[in-house]
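A quick write-up on the structure given underneath.
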Amino acid sequence: MKDYFDGFMLIAHRGGLYYRPENSCAALDYSLQNGLNWVEVDIRLSQDNIPILSHDEVVDTSDGEKRAVRSLTFQTLRKLDIGGGEVVPGLADVLHRYKEKLAFNLEIKELDAVDAVLAQIDHQDMANRVLITSFIP
């Protein structure tokens, strides 16, 4: 297996946000199709403590309101259109889908998400393909 931590790393920010909706599978697909094998995505927790990909603390809901990600269940979040028909992805689905294709810089936005993120990394056996970062002191 390739050593993903060897040498220079070119990492697509928010999965490739300038070309597709940020933190979406479309962005990850675009980055992969264009030769990148590292992506940075942002992780928050849903109301039911499911790690999801979202940079912002608040999202636009289908009724036009702005709501905190933490106030919405995973089932509600995964139905929200974040642009171009893309929906809010769960970390488990993303790690599974790209397990053999990408390496990840997971930026944790909420301290209490750490245990759930580590559990997903362990469950997918991806410790050798994941870097965890955060701006939380």
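Residues L53 and V88 are not in side-chain contact: their nearest non-hydrogen atoms beyond the backbone lie 4.5 Å or more apart.
Hydrophobic clustering keeps I52 apart from L111 (ILVMFWY residues linked when any side-chain heavy atoms are closer than 4.5 Å, directly or through intermediates). A single hydrophobic cluster is seen to contain both L102 and L106, as judged by linkage of ILVMFWY side chains at heavy-atom distances under 4.5 Å, directly or through other members. At a threshold of 4.5 Å between side-chain heavy atoms, the hydrophobic network of Ile, Leu, Val, Met, Phe, Trp and Tyr places L95 and V114 in one connected group.
Judged as a ring-ring contact (aromatic ring centres under 6.0 Å, His included), and not counting sequence neighbours, Y98 has no contacts.
A distance of 11.5 Å separates OG in S46 from CG in L91, rounded to the nearest 0.5 Å. Put simply, NE2 on H13 and CG on L36 are 13.5 Å apart, with the number rounded to the nearest 0.5 Å. Separation of atoms CZ (F74) and CD (Q47) is listed at 13.5 Å; rounding is to 0.5 Å. Distance check, rounded to the nearest 0.5 Å: CG of L32 to CH2 of W38 gives 14.0 Å.
The closest donor-acceptor contact from the side chain of R67 to the backbone of V58 lies at 3.5 Å or more, if one exists at all. In this structure, E110 contributes its side chain and L45 its backbone to a donor-acceptor pair below 3.5 Å. Side-chain atoms of E86 come within 3.5 Å of backbone N or O of A26 as a donor-acceptor pair. Distance alone, capped at 3.5 Å, is enough to place a donor-acceptor pair between the E40 side chain and the R14 backbone. Judged purely by atom type and a 3.5 angstrom limit, S71 uses its side chain to pair as donor or acceptor with the backbone of A68. Side-chain atoms of S31 come within 3.5 Å of backbone atoms of A27 as a donor-acceptor pair (strictly under, hydrogens ignored).
Tested against D29 for a salt bridge (Lys or Arg N to Asp or Glu O under 4.0 Å), the candidates R20, R97, K101 yield a single pass: R97. Partner of H55 under the side chain to side chain contact (heavy atoms under 4.5 Å, CB included) criterion, chosen from D42, V41, V69: D42.
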Show every donor-acceptor pair shorter than 3.5 Å between a side-chain atom in residues 130-137 and any protein atom, with sequence neighbours excluded, or say none if there are none.
residue : atom : partner : partner atom : Å
T133    : OG1  : N105    : OD1          : 2.8
S134    : OG   : I108    : O            : 2.9
S134    : OG   : I136    : N            : 3.1

Please report the C-alpha distance between I50 and T73 in whole Å, then the side-chain angles of each, then the deciding distance to 0.1 Å, and finally whether the side-chain contact (heavy atoms from CB on, under 4.5 Å) criterion is met. CA-CA 8 Å; I50 307 293; T73 66; over 6 Å; no
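Between D56 and K66 no salt bridge is recorded (no basic side-chain N to carboxylate O distance below 4.0 Å). Salt-bridge formation is detected for the pair R78/D93: a Lys NZ or Arg NE/NH1/NH2 atom is positioned less than 4.0 Å from an Asp or Glu carboxylate oxygen.
Of all heavy-atom pairs between P89 and V94, the closest is CB-CG2, 3.7 Å. Annotation for G83 and P21: closest pair O-CG, 3.1 Å, computed over non-hydrogen atoms. When all heavy atoms of S54 and V59 are compared, the pair lying nearest together is OG-CG1, 4.2 Å.
Within the structure, every pair that satisfies the side chain to side chain donor-acceptor pair (under 3.5 Å) test and touches residues 111-120, not counting sequence neighbours, is listed here: R70-D112.
Atom NZ of K79 is surrounded by 12 or fewer heavy atoms from other residues, nucleotides or ligands within 6.0 Å.
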